[in-house]
Number of protein chains: 2
Amino acid sequence: MRPLLLAVALVGLAASAQAQSAKLKIQSAFSQSMPVLGEMIRNFESRMNAMEGHGVRLRVYDADKLVPTLQIFDAVSAGKIDAGFAWPGYWMGKLPAATVFGAIPFGPDAPEFLAWLHEAGGLAIWEEIYRKQGVVPIPCGVIPPEASGWFRKPIESEADLAGLKVRYAGLGGKVLQKLGASVTMLAAGDIFLSLERGVLDATEYSMPAVDKNLGFYKVARHYYFPGWHQPSSVMELAVNEKSWAKLSASQQAAVRTSCDAATLWGLTRGLALQGKALTYFEKEGVEIHRWSPELLARFRQAADEVMEEASAQDADFARAWSSLRAFLAEHGRWADIAYTDR
Amino acid sequence: MRPLLLAVALVGLAASAQAQSAKLKIQSAFSQSMPVLGEMIRNFESRMNAMEGHGVRLRVYDADKLVPTLQIFDAVSAGKIDAGFAWPGYWMGKLPAATVFGAIPFGPDAPEFLAWLHEAGGLAIWEEIYRKQGVVPIPCGVIPPEASGWFRKPIESEADLAGLKVRYAGLGGKVLQKLGASVTMLAAGDIFLSLERGVLDATEYSMPAVDKNLGFYKVARHYYFPGWHQPSSVMELAVNEKSWAKLSASQQAAVRTSCDAATLWGLTRGLALQGKALTYFEKEGVEIHRWSPELLARFRQAADEVMEEASAQDADFARAWSSLRAFLAEHGRWADIAYTDR
């Protein structure tokens with residue numbers, strides 16, 4: 001072989017060992033400044049960027065930069081953007097089953113939720129449901145229990161809920177509706193003013209460390225626990241199926257592994273910040289309440305009804321919830337005796 | 001530029017973009033056939049291998065192939081092998097503080113343990129302690145609560161523990177010693193025969209799904225819960241500092257991210273298998289017990305003494321435990337009210 005041909009052959013060899021280049025534009029549902037919630041997709045991004053050689057170029061857009069949060073799924077489905085990072089419960093209106101992969105009132109904690117998704121068939125059902133929309137769901141974050149929210153007045157009985165104007169997301173909102181509350185869904189940035197002006201009597205948003213930055217404690221002084229409506233919340237990287245297919249198997253593996261690592265990060269970061277935030281609220285004179293056993297029982301009963309009704313209305317919801325419930329039943333035989341402090 | 005020179009320049013360019021090649025030989029403490037425990041490092045390996053481009057070539061050796069389990073840490077420290085995958089509690093004799101990163105009787109559950117390590121200073125202390133031995137610790141797995149073990153006769157009071165010959169690992173073994181048991185530490189493969197022949201009256205090993213394959217239920221019919229001695233157990237990838245320094249920043253990032261993902265996998269896989277295993281034992285007629293509140297209180301009291309004594313004897317142990325305890329105290333203010341079912 002002549003030198004030139006050899007050199008050209010070597011170029012070809014080296015180039016073929018190089019990963020193909022691919023782009024992924026991701027719209028986040030959360031502002032980067034939001035602790036944990038806004039940081040998980042950045043954690044994913046840093047991990048991907050720190051690993052050279054896979055050839056995936058990421059661009060993560062902060063909340064509302066390309067499309068508003070509640071339109072992310074449609075934009076991904078239509079191929080207007082490659083991918084979105086969000087909470088599946090946001091698509092409840094359009095795709096009721098999505099919320100079964102996001103959070104369940106009185107449902108699993110974070111490790112149990114992820115065990116069902118990854119090791120007991122949950123993700124396969126999720127993939128089937130999203131495939132009809134041309135979307136590939138990848139679990140890419142999780143947070144520990146949310147708080148039950150901020151109330152301008154203490155809630156001592158079911159009667160106090162009647163007519164209460166609350167911002168409550170997902171299935172939890174349906175539960176409060178059943179108990180007579182008037183439930184609306186507002187994006188994070190619109191809540192504070194409504195609460196301050198009395199357009200809202202109460203709101204939940206997330207965990208103490210997240211709620212703190214949103215300032216609700218300045219205008220609603222009663223903070224309730226536990227957050228029965230979201231004992232854990234799974235986040236998705238929802239990728240348009242054509243954008244996903246453009247990634248090589250190796251690139252897809254890098255995305256999945258980085259998402260799993262970002263999920264672990266969200267859980268640990270979420271846990272690590274809450275004690276401090278609670279101590280801060282106590283110093284600020286916030287009144288921290290635990291729901292009475294009677295009200296918790298009432299919420300649970302209403303939640304059971306909500307899950308039954310949603311199952312009756314939507315076959316995908318029914319299938320996903322029935323799979324999760326079967327897993328929790330079997331798992332519960334062990335979990336009921338396995339823990340020292342529960 | 002002439003074609004030949006151009007081609008040569010292109011070869012150089014393409015080659016420099018290729019990751020440097022590096023090798024990592026890893027001795028596992030567990031047999032690959034052991035559910036979850038033996039599979040976590042294989043999960044790490046598959047993730048690394050599925051991602052091309054980082055240039056790290058791994059070789060994972062099954063238990064005892066290069067060095068016996070209890071000598072892994074010394075072999076890594078001496079540079080005889082690059083790395084080991086094991087439970088830090090195994091080095092308790094040589095390095096008492098190591099066990100604080102592995103499992104604590106009545107200590108944190110898996111997410112709390114990882115939150116302390118990754119987000120509240122635990123890993124930094126671990127790194128400092130291992131640095132003196134020339135070893136870099138990377139959390140690379142975790143499992144949910146173990147069972148409390150297999151007993152040939154039921155244990156109804158503290159008196160039943162006196163003189164009992166048990167195989168119990170780590171700090172949990174010290175707790176039982178305090179209560180009069182005669183405690184030995186055997187590797188997995190040596191337990192069954194000792195139990196069958198009555199050389200042992202009881203043994204713990206791991207979670208139901210792991211214990212099942214080891215067959216203990218055939219010779220000891222009383223299975224106790226909860227596994228107060230290891231509410232969760234963190235696994236380490238311990239890497240010789242020189243082998244670690246040979247990896248590029250990008251390769252180190254691939255290892256850390258794959259370890260985090262394998263950790264999440266261990267937790268979810270661990271949770272997913274236990275319900276099924278317990279159902280199996282019930283069908284086999286195993287008597288499943290929960291420790292009486294009196295005995296649990298006694299174990300807890302003895303565990304407090306063990307932690308105090310170990311802290312008095314070893315400054316590193318004291319520092320690590322004091323950091324973990326401070327984290328749990330702050331975290332507990334939130335955790336005590338945050339969960340619906342605890």
Side-chain angles (χ1 to χ4, degrees), chain A residues 3-4 7-8 10-11 14-15 17-19 47 50-55 106 109-112 114-115 118-120 144-145 208 225-228 231 249-250 253-254 257-258 260-261 263-265 267-269 271-272 274-276 278-279 288 290 330-334 337-342, chain B residues 3-4 7-8 10-11 14-15 17-19 47 50-55 106 109-112 114-115 118-120 144-145 208 225-228 231 249-250 253-254 257-258 260-261 263-265 267-269 271-272 274-276 278-279 288 290 330-334 337-342:
Chain A
L4 178 59
V8 169
L10 281 172
V11 169
Q18 285 290 97
R47 289 175 186 275
M51 297 189 292
E52 295 160 6
H54 54 66
F106 297 96
D109 69 12
E112 289 167 344
L114 296 166
H118 287 293
E119 299 295 326
F225 290 86
W228 52 267
S250 165
T257 282
S258 297
D260 285 346
T263 298
L264 188 75
W265 183 85
L267 179 58
T268 58
R269 185 74 179 158
L271 288 175
Q274 308 316 321
K276 236 181 267 299
L278 209 67
T279 303
I288 291 166
R290 197 176 152 94
E330 186 185 66
H331 168 73
R333 299 167 69 94
W334 169 79
I337 56 168
Y339 292 91
T340 306
D341 293 318
R342 297 186 192 172
Chain B
L4 178 59
V8 169
L10 281 173
V11 170
Q18 285 289 97
R47 289 175 185 276
M51 296 189 293
E52 295 160 6
H54 53 65
F106 297 96
D109 68 12
E112 290 167 343
L114 296 166
H118 286 293
E119 299 295 327
F225 290 86
W228 51 267
S250 165
T257 282
S258 297
D260 285 347
T263 298
L264 188 74
W265 183 85
L267 179 58
T268 58
R269 184 75 179 157
L271 288 175
Q274 309 316 321
K276 236 181 266 299
L278 208 66
T279 303
I288 291 166
R290 197 176 152 95
E330 187 186 64
H331 168 74
R333 298 167 69 95
W334 170 79
I337 57 168
Y339 291 91
T340 307
D341 293 318
R342 298 186 191 172

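Since this is a predicted model, take the numbers as computed values, not measurements.
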With a 4.5 angstrom heavy-atom cut-off, is it the side chain or the backbone of A/Ala254 that approaches chain B, or both, or neither?
both

How many angstroms lie between atom CZ of B/Arg333 and atom CD of A/Gln274, to the nearest 0.5 angstrom?
13.5 Å

Name the option with the most non-hydrogen atom pairs under 4.5 Å to chain B; the candidates are A/Ala253, A/Pro231, A/Ala249.
A/Ala253

Between chain A and each of B/Ala115, B/Ala272, B/Pro144, count heavy-atom pairs under 4.5 Å; write down the option with the most.
B/Ala115

Give the minimum heavy-atom separation between B/Met51 and B/Ser258, together with the two atoms involved.
CE-OG, 3.4 Å

What part of A/Arg290 gets closer than 4.5 Å to chain B, counting heavy atoms only: side chain, backbone, both or neither?
side chain

Would you please name every residue forming a side-chain contact (heavy atoms from CB on, under 4.5 Å) with B/Thr263, sequence neighbours left out?
A/Leu264, B/Leu114, B/Val142

Checking A/Leu267 against chain B: side chain, backbone, both or neither under 4.5 Å from a heavy atom?
side chain

Applying ring pair (Phe, Tyr, Trp, His ring centres under 6.0 Å), can you list everything that pairs with A/Trp334, at least two apart in sequence or on another chain?
A/His331, A/Tyr339

Go through A/Ile337, A/Ile288, A/Thr279, A/Asp109 and name the one with the most non-hydrogen pairs under 4.5 angstrom from chain B.
A/Ile337

Looking at NE2 of B/His118 and OG1 of A/Thr268, how far apart are the two atoms once the value is rounded to the nearest 0.5 Å?
6.5 Å

